[in-house]
Number of protein chains: 2
Amino acid sequence: MSTPSESRARLVATARDLYASQGVGATSPRQVLAASGVGQGSLYHHFPAKHDLALAAISATVADSLSAAARELRGERPALDRLRAYLERPRDTANGCRIGRHTSDQAVMSDAVLAAEVGSYFSGLVERLTEVFVEAGLPDGAASDRAYAALAIVQGGYVLARALTDPTAMQRAVRGFVSLLTSVPEETQ
Amino acid sequence: MSTPSESRARLVATARDLYASQGVGATSPRQVLAASGVGQGSLYHHFPAKHDLALAAISATVADSLSAAARELRGERPALDRLRAYLERPRDTANGCRIGRHTSDQAVMSDAVLAAEVGSYFSGLVERLTEVFVEAGLPDGAASDRAYAALAIVQGGYVLARALTDPTAMQRAVRGFVSLLTSVPEETQ
DNA sequence: GTCTATAACATGATAGAC
DNA sequence: GTCTATCATGTTATAGAC
C-alpha cells in the first residue's frame, strides 16, 4: 500500500474474478496479465511470486465476504428471521463459493498461509452464526452444532448445484433445512 | 476391457488415489506414471489422452461410492435409523469427498463427459435419500427437499472440516442436522 | 503392450533496459 | 513502475523401436 498503483488494483481485481470462476491452481499469472491488460513486468514488480498475488486476492475476498455476512446476520429483526434471510439469499451457484471452493484447490491448501486465510473465513462465519442461534435461545453447544449445520447447508448447496448444474439444488437444500428449523417445538429452539 | 492388463489396472488405481488427494487438474500423467511404476508408453497405449484416464478413474469411483451408499441406505432397520447411520459414518475429512471435490476442479467441470459423471453420482444419491425420507412418511416434495439437505450436510461438512482442518466440524454439522430431524414432531415427519 | 526419445507448448519466474 | 526478452522446468502428448 505504499504506492496504491492502478495496475496493482487491476491485477488483484482480475485475479479475484478468475479465482472465483476457475480456482487458483488453474489460473496462471499469464492469464491474469492478459485479462487485466497489465504488463508482465508490473505483475512481478507488485507480486514477486504467484503466492503473493493469491494472498492479496484471497484475503480481500475473505474480508469482503465476512463483513457482508456480519452485516446480514445482525440487525433488528428476530434472530431466526435473519438466519433464514441469510440462508435464502441468492447465491452464485454457477461458480460455487468464492472461498469454499478453495478447499479442494491444491494450490491453496498446500500453502499454509493461504489455507489459514480460508480457515479464518469459516471460523468467522461459525462465530457469527453461533451468536445468532444463541440469541435465538439455544444453549451454547447446540447453537454451535446448528451453526455448523447451517454453514454446511450453504457450502453443500453450492456443491450440489454445481454437480447437478441446477441452481434449485441450493434452494431445495436450504428449504429442507429451514423447514426443520421452523417446525421444531419452541422449547427445543 | 478387451485385455484386462495389469498395467491398466494399476494406472487406474493410482489415478483414483491421486485424484482423491490432489484433484484431477493438479495431477499430471507423469505423476501417475511415477506413482504406479508403469512406463510412459503403457499409459498412452491404454489412455490416449488425460481425459480417458480421468474418465476411467472417476467413473470407477462413482460406481463404487454409489453402490456402497445404496447398500447402506437400504436394509431392515427403520428408515431414519439407516439415514442417521449414513450421515454419522466416519469419512475421510482430510481429503474431502472423492467425487464432490471435483465440482471445484476446472479440469473436470470443463469436460462435459467428466462433469456428467459427477452429476450422475449426486443424482443417484438424491434418489436413494429421497426414497428413505418417503419411506419415513414424508410427502414427495418434502422428502426431496430433505434429501438435498442431508446431502448438503455431508458435502458441506467436508468443506468445513477441510477449511478448519478439524474433523469434528463434519460431526458437528451432522449432529446439528440430526438433532433437528429427531426433535421434529411425528406428524410433520 | 511396453520401452526410450523427443516434440510443442505452457508455466512461473528473472534480467536488464527505459 | 513498466516494458520486452528470455529461461528452466513441467505438461501433454507423439514417434518409432522392440
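Chain identifiers are assigned alphabetically (A, B, ...) following the order of the sequence lines, protein sequences preceding nucleic acid strands; residue numbering begins at 1 within each chain.
With no hydrogens or angles considered, a side-chain donor-acceptor pair links B:H46 and B:S5 at under 3.5 Å. Checked by atom type, the side-chain pair B:S36/B:R10 shows no donor-acceptor distance below 3.5 Å.
A straight line from CG of B:L33 to P of D:dT14 spans 14 Å, rounded to a whole angstrom.
Sorted by residue number, the members of residues 38-45 of chain A with any non-hydrogen atom under 4.0 Å from DNA chain C read A:Q40, A:Y44. If you check residues 50-59 of chain B against DNA chain C, you find no residue with a heavy atom closer than 4.0 Å. Heavy-atom distances under 4.0 Å link DNA chain C to A:S28, A:P29, A:R30 of residues 13-31 of chain A, given in residue order.
Legend: residues meeting side-chain contact (heavy atoms from CB on, under 4.5 Å) with B:A35, ordered by chain and number and at least two apart, are B:T14, B:L18. With sequence neighbours left out, the side-chain contact (heavy atoms from CB on, under 4.5 Å) criterion links B:S21 to B:N95.
Linking ILVMFWY side-chain heavy atoms closer than 4.5 Å, directly or via other members, places A:L129 and A:V134 in two distinct hydrophobic clusters.
Between A:F177 and B:F177, the angle of the ring planes stays under 30°, which puts this pair in the parallel group of the 30/60° scheme.
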Taking only distance into account, with no hydrogens and no angle test, what donor-acceptor pairs under 3.5 Å do side-chain atoms of residues 160-167 of chain B form with protein atoms, sequence neighbours excluded?
from, atom 1, to, atom 2, distance (Å)
B:R162, NE, A:T103, O, 2.9
B:R162, NH1, B:A94, O, 2.8
B:R162, NH2, A:T103, O, 2.4
B:D166, OD1, B:T168, N, 2.9
B:D166, OD1, B:T168, OG1, 2.8
B:D166, OD2, B:T168, OG1, 2.9

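Between A:E135 and A:R82 there is a salt bridge, with a side-chain nitrogen of the basic residue lying less than 4.0 Å from a carboxylate oxygen of the acidic one. At a threshold of 4.0 Å, the pair A:D64-A:R98 does not count as salt-bridged, since none of the basic side-chain nitrogens sits closer than that to a carboxylate oxygen.
Across every non-hydrogen atom of A:R8 and A:A56, the tightest pair is NH2-CB, 4.4 Å.
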